[in-house]
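Okay, so here's the structure we're looking at.
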Amino acid sequence: MLRIYQRLYDCHGPQHWWPGDGPFEIMVGAVLTQNTAWSNVERAIGNLKAAGVLAPRALATMPAARLARLLKPAGYFNVKTRRLQNFCRWYGEQGGYESLKHWPTRRLRHALLSVNGVGHETADDMLLYAFERPVFVIDAYTRRLFSRLGLADGDLAYDALRGMVEAALEAELSRGGRGGRPPGRRRLVSLYNEYHALIVAHGKDVCRPRPRCADCCLADLCPAGTVDQP
DNA sequence: ACCCAGGGTCATA
DNA sequence: TATGACCATGGG
């Protein structure tokens, strides 16, 4: 797993995720980017900023019709209006970031998942990128990549796949580190952060749904027959 | 014209 | 548990 990471890093370079000004903006982005290109999300966030409503209270209480207009460029604007307001109401009820940041990761994930509109990936985006918890985010790109490399069954349940990847990376870091010592939290957070960003960059670049990985920088690691030949 | 994007929910069997 | 329909804009 670490070998794959190194290859992706050498191939695509540092990615500097997550674009967003502070934890709350990151969480808003996590909801808006559901099945949506990030460039479209940036426009919607720009609209929210320009309107001066990029804050939990303002988003939670503003008229849905107005919010929907601002979210239009992000697509699914009616669905996302409902989801974002659900989330912001919950966020305010729990006392905001200053309160939530003290919660243990398991409890925080469970609570996030209880919000209608926040699923596994969105919750884990928030946990990793906003709360800096050591959580490996699984998305469609990740499934596709590890599946094509023959490292994981592509249709494993979300938490099963996440647990597998986390366990593998922790084990490899322990073996690599002096004295077989387990990796620290900050080390894991920065690795998971950059790894997920690299997988997305790689997915956008060459590792598309239709396999045409002829000049993919991981092509030599794929089992024969899983990628198109040049 | 077609494919795809940093998913999730709900109804149905 | 496991499918399928649905949501909607914008870039290549």
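In what follows, chains carry the letters A, B, and so on, assigned in the order in which the sequence lines appear, proteins first and then strands, with residues in each chain numbered from 1.
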Where the side chain of [X] is concerned, which of [options] is the nearest nucleotide?
X: A:Q34; options: B:dA5, B:dG8, C:dG10; answer: B:dG8
X: A:Y76; options: B:dG7, C:dA8, C:dT9; answer: C:dA8
X: A:R43; options: B:dT9, C:dC7, C:dG10; answer: C:dG10

Exactly one candidate in A:Y141, A:F136, A:W17 meets ring-ring contact (aromatic ring centres under 6.0 Å, His included) with A:H196; the answer is A:W17
[X] [atom1] to [N] [atom2], straight-line distance once rounded to whole Å:
X: A:R82; N: B:dC10; atom1: CZ; atom2: C1'; value: 11 Å
X: A:L32; N: C:dC7; atom1: CG; atom2: C1'; value: 14 Å
X: A:N35; N: B:dG8; atom1: CG; atom2: C1'; value: 9 Å
X: A:R83; N: B:dG7; atom1: CZ; atom2: C1'; value: 7 Å
X: A:R143; N: B:dG7; atom1: CZ; atom2: P; value: 12 Å
X: A:E42; N: C:dG11; atom1: CD; atom2: C1'; value: 13 Å
X: A:R69; N: C:dT9; atom1: CZ; atom2: P; value: 15 Å
X: A:K72; N: C:dA8; atom1: NZ; atom2: C1'; value: 10 Å

Apply salt bridge (charged side-chain N to carboxylate O under 4.0 Å, His left out) to A:E132 and A:K101, showing your working.
-> CA-CA 9 Å; A:E132 299 182 320; A:K101 72 178 184 184; over 6 Å; no
Euclidean distance for P, B:dC10 against C:dA8 (whole angstrom) = 15 Å
N or O in side chain of [X] less than 4.0 angstrom from [N] OP1/OP2:
X: A:T36; N: C:dG10; answer: no
X: A:Y141; N: B:dA5; answer: yes
X: A:N78; N: C:dA8; answer: yes

Using both distances under 3.5 Å as the test, list the Watson-Crick or G-U wobble partner of C:dG12, or none.
->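 The answer is B:dC2, by the H-bond criterion.
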Hey, does [X] reach any base, or is it just sugar-phosphate, or nothing, if we go heavy atoms under 4.0 Å?
X: A:K80; result: nothing
X: A:H120; result: sugar-phosphate
X: A:V118; result: sugar-phosphate

Close side-chain approach of A:Q85 and A:L67, heavy atoms under 4.5 Å =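 A:Q85 vs A:L67: side chains touch.
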Sorted by position of nearest nucleotide on DNA chain B, 5' first, the leading residue of A:N116 and A:D125 is A:D125
Pick one: which of A:N193, A:L198, A:L8 meets side-chain contact (heavy atoms from CB on, under 4.5 Å) with A:Q15?
-> A:L198
Taking NZ, NE, NH1 and NH2 as the nitrogens, is one of them in A:R7 or A:D220 under 4.0 Å from a carboxylate oxygen of the other?
-> yes
